[in-house]
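Side chains are part of it too, since the values below use all heavy atoms of this structure and drop only hydrogens, waters and symmetry mates. Both counts, for ligands and for their atoms, begin at 1 and track the order of listing.
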Amino acid sequence: MRPAPAPPADKPIKLSRKGPAKVFSAVPTKEKIVFITIDDGAEKDPKFVEMARELRVPFSMFLMDDAVRTNYGYFKPLQALGNHIQNHTLNHPVMRSLGPEGQKRQICGDQSILERQYATKPFLFRPPYGAYNLATQEAAAACGIHGIALWHESMQIHDMQYDDPAKKLHPGDIVLAHFRGPKELKGSTMTQMFAAMLKKIHKQGFAVARLEDYVRPPA
Ligand SMILES: [Zn+2]
């Protein structure tokens with residue numbers, strides 16, 4: 001496995017408390033690195049924890065309360081490996097369909113549960129389906145989150161979907177995956193999906209870096 005370069009002393013994405021949350025789907029860098037993000041939290045496969053322990057591949061977890069509440073504890077060993085927990089709403093609505101107050105409830109609600117359960121302060125938000133508007137950016141900022149992380153690639157069961165029609169990764173791309181199991185993956189397991197994703201990343205000569213090493217929350 002290709003090791004990621006040391007993280008930069010000066011983080012290229014700097015979040016600010018001023019104005020609506022900043023939206024990005026890649027990190028400006030020349031290094032051949034990508035960032036793995038894993039969403040929702042429905043599947044809680046113990047084999048994936050083992051895999052994460054063995055491989056030490058960094059990823060960020062965007063947890064949605066409805067999916068994780070049956071077992072908050074599952075994500076703690078993953079967090080203990082250094083993987084950050086970030087915000088993904090209470091119950092996965094299309095944010096644009098809600099008014100400003102409804103959006104705030106979704107983000108601030110998930111935020112306070114995640115803070116309590118994981119003793120961390122998430123500083124990134126991911127809107128379900130990548131759908132957002134200005135009210136989403138303002139709601140995130142009001143909940144103390146100043147960055148909204150989207151993606152350029154999305155991992156399916158065996159295949160990766162690319163924004164680039166040439167089907168290529170680019171330096172600094174954010175890759176989306178999900179905590180999904182055989183029920184959602186037509187019989188495949190979370191570890192099979194993850195292994196297939198790593199294979200695609202490494203085949204293109206990329207290493208996996210930690211998103212939070214490249215994004216600076218406001219001081
Ligand atoms: Zn989601």
Side-chain angles (χ1 to χ4, degrees), residues 21-26 34-45 48-49 52 57-72 74-76 78-79 83-98 102-115 117-118 120 122-133 135-137 139-140 143 145-163 173-186 188-194 196-197 208 210-212 215:
K22 179 191 179 84
V23 181
F24 57 93
S25 11
V34 293
F35 305 94
I36 294 177
T37 59
I38 315 181
D39 281 16
D40 302 342
E43 176 72 1
K44 299 170 186 72
D45 183 349
F48 179 67
V49 179
V57 175
F59 52 84
S60 308
M61 298 175 273
F62 287 80
L63 301 184
M64 185 260 287
D65 190 56
D66 248 14
V68 300
R69 63 187 314 157
T70 53
N71 184 2
Y72 292 114
Y74 172 79
F75 303 91
K76 290 180 184 173
L78 298 174
Q79 181 189 23
N83 302 307
H84 289 246
I85 285 172
Q86 304 290 5
N87 191 310
H88 192 45
T89 74
L90 283 175
N91 51 28
H92 221 264
V94 176
M95 293 297 271
R96 288 190 304 230
S97 71
L98 304 176
Q103 296 205 34
K104 233 175 95 180
R105 269 197 297 279
Q106 285 288 334
I107 302 174
C108 290
D110 198 39
Q111 187 76 356
S112 61
I113 292 168
L114 295 176
E115 285 185 17
Q117 290 294 336
Y118 300 105
T120 182
F123 63 91
L124 294 173
F125 174 65
R126 169 161 289 154
Y129 320 103
Y132 70 96
N133 56 16
T136 316
Q137 295 171 261
C143 299
I145 297 180
H146 303 278
I148 294 183
L150 302 178
W151 61 89
H152 277 312
E153 286 81 28
S154 146
M155 186 62 196
Q156 308 302 317
I157 304 171
H158 309 289
D159 295 318
M160 196 177 268
Q161 285 176 355
Y162 299 82
D163 279 354
D173 277 1
I174 297 175
V175 180
L176 164 68
H178 292 88
F179 285 96
R180 284 179 182 155
K183 225 169 60 190
E184 300 85 14
L185 301 179
K186 299 187 178 163
S188 288
T189 62
M190 171 101 186
T191 54
Q192 287 170 329
M193 178 281 292
F194 200 79
M197 174 167 61
V208 180
R210 189 180 301 291
L211 182 58
E212 289 81 359
V215 182

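E115 meets the salt bridge (charged side-chain N to carboxylate O under 4.0 Å, His left out) test with K121; sequence neighbours excluded. For Y72, the ring-ring contact (aromatic ring centres under 6.0 Å, His included) test picks out no residue, with sequence neighbours left out. Residues satisfying the ring-ring contact (aromatic ring centres under 6.0 Å, His included) test with F179, not counting sequence neighbours, are F75.
For the Zn ion (ligand 1), the count of nearby protein N, O or S atoms, meaning those under 2.8 Å away, is 3.
Side-chain contact check for H92 and D40: at least one donor-acceptor pair (N or O, by modelled atom type) lies under 3.5 Å. For the residue pair D110/H88, the side-chain donor-acceptor check at 3.5 Å is not satisfied.
The environment of NZ in K22 is sparse: at most 12 heavy-atom neighbours from other residues, nucleotides or ligands sit within 6.0 Å.
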